[in-house]
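It should be emphasised that the depicted structure is a prediction, and the values quoted were computed from it without experimental measurement. Lettering of chains follows the sequences in order, A, B, ..., and the numbering in each one begins at 1.
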2 protein chains.
Amino acid sequence: MVIKRTKRKTGHVTLSDVARACQLSVSTVSIVLSQAPLSQRLAATTRERIHATALRLGYHPDAYARSLRSRSTKTVGVLAYDMSDPFCVPVVRGIEEGLQPADYFSLLVDAQTERKLFDSSLGMILERRAEGVIVIASWVFEEANLLADVKKNHVPIVIVGRDLTERRIPSFLVDNHAGGAMAMNHLISLGHRRIAVIRGPDDLFDSQPRWAGAQHAAAQAGLRLDPRLVVSLPNRVDPTSGFDGGRLLAREMISSTREFTAVLAFDDLTALGVVRGLREEGLRVPEDCSVIGFDDILPAAVSTPGLTTVRQPLRTMGSLATQHLLEALQQSSQESVSATNPRMLAPELVVRDSSAPPPARRRDRSAPTSQHPAAGPARRAKPPRQ
Amino acid sequence: MVIKRTKRKTGHVTLSDVARACQLSVSTVSIVLSQAPLSQRLAATTRERIHATALRLGYHPDAYARSLRSRSTKTVGVLAYDMSDPFCVPVVRGIEEGLQPADYFSLLVDAQTERKLFDSSLGMILERRAEGVIVIASWVFEEANLLADVKKNHVPIVIVGRDLTERRIPSFLVDNHAGGAMAMNHLISLGHRRIAVIRGPDDLFDSQPRWAGAQHAAAQAGLRLDPRLVVSLPNRVDPTSGFDGGRLLAREMISSTREFTAVLAFDDLTALGVVRGLREEGLRVPEDCSVIGFDDILPAAVSTPGLTTVRQPLRTMGSLATQHLLEALQQSSQESVSATNPRMLAPELVVRDSSAPPPARRRDRSAPTSQHPAAGPARRAKPPRQ
DNA sequence: TTCTGGACTTGAAACGTTTGAATAGTGTAG
DNA sequence: CTACACTATTCAAACGTTTCAAGTCCAGAA
């Protein structure tokens with residue numbers, strides 16, 4: 001018996017296609033396929049028949065129609081400032097992990113560090129009726145206009161990588177101050193006294209607290225940093241420009257007459273740039289100069305020497321933020337309890353091979369050759385499993 | 001005058017909210033806000049009023065309702081095998097670039113290299129009524145069952161990074177054979193004769209053609225590769241495991257008595273692992289041994305020495321695939337012209353600092369750039385530690 | 001006065017689902 | 001024979017849009 005095909009407007013198999021094939025009503029089929037409680041009362045044979053037909057036809061329920069009807073999309077919008085930045089990837093993974101058990105789906109949008117894309121992306125997310133929004137924005141994120149719209153539509157929002165609690169947005173980020181101090185302390189404890197610092201660009205939120213932390217740690221240790229050895233990256237255009245910045249600044253600093261035995265870089269890409277710059281000037285890392293980064297992104301782990309760095313728990317940040325958002329969604333009716341202070345996660349020192357005691361200056365410190373002096377407990381360099 | 005708020009079931013501002021606020025019908029508001037041709041006939045003042053109100057209330061059209069009605073979602077599903085692999089990121093960027101001008105939206109799903117996620121992700125994409133699907137799968141991708149469903153629903157599909165034309169799926173990938181040859185030729189032209197090769201894992205599609213290309217190039221140059229210097233990576237569990245694989249294989253090869261002056265690695269992460277392994281055995285790159293990778297992912301560019309590699313035009317692959325898909329969507333009615341042979345893109349040699357002529361055997365080649373501990377040329381030396 | 005016709009606005013159906021209420025069919029008890 | 005309680009299935013309304021056909025005005029023409 002040939003099933004009459006009414007005009008197919010779209011290529012998709014619909015509920016009524018299945019119903020027609022089964023000689024049943026749409027309702028019946030829906031009840032069975034959506035596992036509604038009523039389906040228990042249906043004849044087992046019918047259920048079987050429906051399932052088989054659906055499978056045969058390759059039926060997939062239309063999420064649009066379904067969500068329209070049930071007014072729940074099970075979707076969370078994720079707005080990443082730039083997926084090309086290795087920073088974002090682990091955060092997104094963490095979010096995914098948080099979402100999965102709750103059967104939520106992530107709507108990932110990449111703003112590609114373009115101001116205008118930011119607003120339009122947020123618009124997309126709103127239009128797609130995400131029930132909540134997670135913004136990943138360690139990077140510039142000039143107060144998108146649409147943030148107000150998000151509120152108007154009562155969509156809870158959280159942010160990862162930046163403190164926006166002043167605007168009553170729950171924020172999850174690493175404790176940059178502690179991280180800066182941690183990096184500085186590591187260098188100091190290795191014996192470095194002449195430490196160069198490459199601060200982040202001024203327009204970047206993280207720059208200030210990291211620098212403050214480093215300064216604080218230096219002061220604690222009774223160390224005065226030479227202002228001529230403190231430089232800043234220029235404001236960035238794209239997330240990977242830190243590499244060139246670090247490389248050039250390192251070379252400039254060497255050209256100046258100031259001496260230093262270690263460089264504390266703003267982030268990993270900058271640090272890798274420094275390593276390159278030092279190398280180009282004929283200096284070995286870590287024998288002649290130590291370098292420490294910040295973030296612990298993949299390239300830090302797989303370069304040689306492995307880069308000593310301060311690790312941000314990116315994955316955890318992502319999943320904690322997600323957790324928080326999901327909880328807010330539960331108590332949707334009550335005003336979402338917007339935390340008034342940021343959730344700061346502890347950074348972790350990852351010692352690899354780019355840091356070592358300073359070269360012996362006067363005293364004859366035996367063989368500054370290939371021996372990578374084991375600094376601290378010397379964790380084995382593994383790629384970050386974020 | 002207070003606008004009476006009927007019970008808000010969802011937090012979202014809807015068309016009828018705006019209509020009520022304007023004292024107009026839903027139709028009118030819809031016509032204006034969706035820029036329908038009819039809106040030209042409406043009083044300018046009315047239009048103005050509607051726009052203002054919509055803006056004030058923070059109205060965003062419901063993509064679900066809209067798509068349901070218009071039966072077009074303007075969405076393309078993108079299924080990436082693993083976003084943690086730096087390989088995927090540029091491809092996705094390329095896709096994004098292709099999609100944007102056509103006003104299409106990407107629905108990005110990350111399968112996280114988990115077999116079961118693959119099918120369920122494809123299901124998600126189907127349910128969200130993507131009009132087409134792009135699969136990024138250089139990585140294992142064991143013939144998802146749902147691929148059949150994609151066809152049943154008449155959703156065009158293309159694949160990036162793997163040849164699936166035998167299953168009549170348009171495929172976009174780099175010319176692996178040419179790439180393998182290119183890498184080999186580079187090493188040969190530098191003067192290397194004893195070249196070690198680390199092949200990819202057997203379960204990975206790219207492995208075979210790259211190896212064949214390398215072999216072919218060697219044969220062309222009258223070079224016989226020592227079988228004992230040809231090893232394979234173990235089958236992988238996660239995308240970054242190539243690093244450890246390369247590192248261990250490099251150390252093993254050095255431990256064996258075979259000599260070599262260059263390593264042709266399957267991909268960049270493997271190559272970076274090799275660099276690490278060589279270094280741990282006291283060898284300098286490129287002075288004692290050259291290393292070449294494949295892919296040109298970010299870590300290859302920012303490590304020191306910069307990794308010489310064969311670049312895949314990932315971004316281009318992404319945008320070409322998108323182009324092709326969009327064209328197929330245009331002529332939706334006619335059978336999508338599934339190409340019968342893969343579109344192979346030319347790789348590009350990127351020469352950085354990890355490749356150089358082989359060390360002079362007897363003569364004293366004083367490497368000018370060599371700041372590394374002088375460890376005997378080309379043969380094993382004392383490992384720095386452990 | 002009624003008609004014509006433009007200018008402006010609205011009614012109602014449809015998209016594919018879900019779901020509470022309603023219907024037919026079938027025994028079984030009163 | 002009616003009433004009742006099942007069981008198995010269907011009706012119909014709703015979700016927020018879009019869009020075509022059909023209003024309502026009101027001025028000017030017949």
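Taking 4.0 angstrom as the limit, Thr14(A) places a side-chain polar atom (N or O) nearer than this to OP1 or OP2 of dT17(C). Phosphate proximity of dT17(C) to Arg129(B): present, with a side-chain N or O under 4.0 Å from OP1 or OP2. Within the structure, every side-chain polar atom (N or O) of Arg69(B) is placed at least 4.0 Å from both OP1 and OP2 of dA13(C).
Taking atom OH of residue Tyr59(A) and atom C1' of nucleotide dG16(C), one finds them 8 Å apart after rounding to whole Å. In this entry the distance linking CZ of Arg47(A) with P of dA8(D) reads 9 Å, nearest Å. Atom OH of Tyr64(A) is separated from atom C1' of dA14(C) by 18 Å (rounded to the nearest Å). Following rounding to the nearest Å, Arg66(B) (CZ) and dC15(C) (P) show an atom-to-atom distance of 19 Å. Whole-Å rounding puts the His60(A) NE2 to dT17(C) P distance at 12 Å. To the nearest angstrom, C1' of dG16(C) lies 6 Å from CG of Leu68(B). Here the P atom of nucleotide dT17(C) and the CD atom of Gln35(A) are 15 Å apart, to the nearest Å. Straight-line distance from the CG atom of Asp17(B) to the P atom of dC15(D): 12 Å, rounded to whole Å.
Taking the side chain as every heavy atom from C-beta outward, Pro342(B) and Leu173(B) approach each other to under 4.5 Å.
The residues Arg93(B) and Asp82(A) are annotated as salt-bridged, a charged nitrogen and a carboxylate oxygen being separated by less than 4.0 angstrom. In this structure, Lys74(A) does not pair ionically with Glu131(A), as no charged nitrogen and carboxylate oxygen lie closer than 4.0 Å.
Residues Tyr64(A) and Glu127(B) have side chains that never bring a donor and an acceptor to within less than 3.5 angstrom of each other.
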What nitrogen or oxygen pairs link the protein and nucleotides 23-26 of chain C at under 3.5 Å?
none

Could you pull out the protein-nucleic contacts involving nucleotides 9-12 of chain C (nitrogen or oxygen on both sides, under 3.5 Å)?
{"from": "dT9(C)", "atom 1": "OP1", "to": "Thr46(B)", "atom 2": "OG1", "distance (Å)": "3.2"}
{"from": "dT9(C)", "atom 1": "OP2", "to": "Ala43(B)", "atom 2": "N", "distance (Å)": "3.4"}
{"from": "dT9(C)", "atom 1": "OP2", "to": "Thr46(B)", "atom 2": "OG1", "distance (Å)": "3.2"}
{"from": "dT10(C)", "atom 1": "OP2", "to": "Ser25(B)", "atom 2": "N", "distance (Å)": "3.0"}
{"from": "dT10(C)", "atom 1": "OP2", "to": "Ser25(B)", "atom 2": "OG", "distance (Å)": "3.3"}
{"from": "dT10(C)", "atom 1": "OP2", "to": "Thr28(B)", "atom 2": "OG1", "distance (Å)": "2.6"}
{"from": "dG11(C)", "atom 1": "N7", "to": "Ser27(B)", "atom 2": "OG", "distance (Å)": "3.0"}
{"from": "dG11(C)", "atom 1": "O6", "to": "Ser27(B)", "atom 2": "OG", "distance (Å)": "3.4"}
{"from": "dA12(C)", "atom 1": "N6", "to": "Ser27(B)", "atom 2": "OG", "distance (Å)": "3.2"}

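Residue pairs meeting the side-chain hydrogen bond (donor to acceptor under 3.5 Å, both in side chains) criterion with at least one member in residues 24-37 of chain A, sequence neighbours excluded: Ser25(A)-Thr28(A).
Considering Leu325(A), Leu326(A), Leu320(A) as possible partners of Thr322(A), the one that fulfils the side chain to side chain contact (heavy atoms under 4.5 Å, CB included) test is Leu326(A).
For Arg129(B) (side chain) and Leu126(B) (main-chain N/O), a donor-acceptor pair under 3.5 Å exists by modelled atom type.
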task: Could you please spell out the steps behind the side-chain contact (heavy atoms from CB on, under 4.5 Å) verdict for Lys152(B) and His12(A)?
output: CA-CA 8 Å; Lys152(B) 284 180 192 158; His12(A) 279 285; over 6 Å; no

task: List the steps, then state whether side-chain contact (heavy atoms from CB on, under 4.5 Å) holds for Phe105(B) with Val109(A).
output: CA-CA 9 Å; Phe105(B) 181 83; Val109(A) 193; 4.3 Å; yes

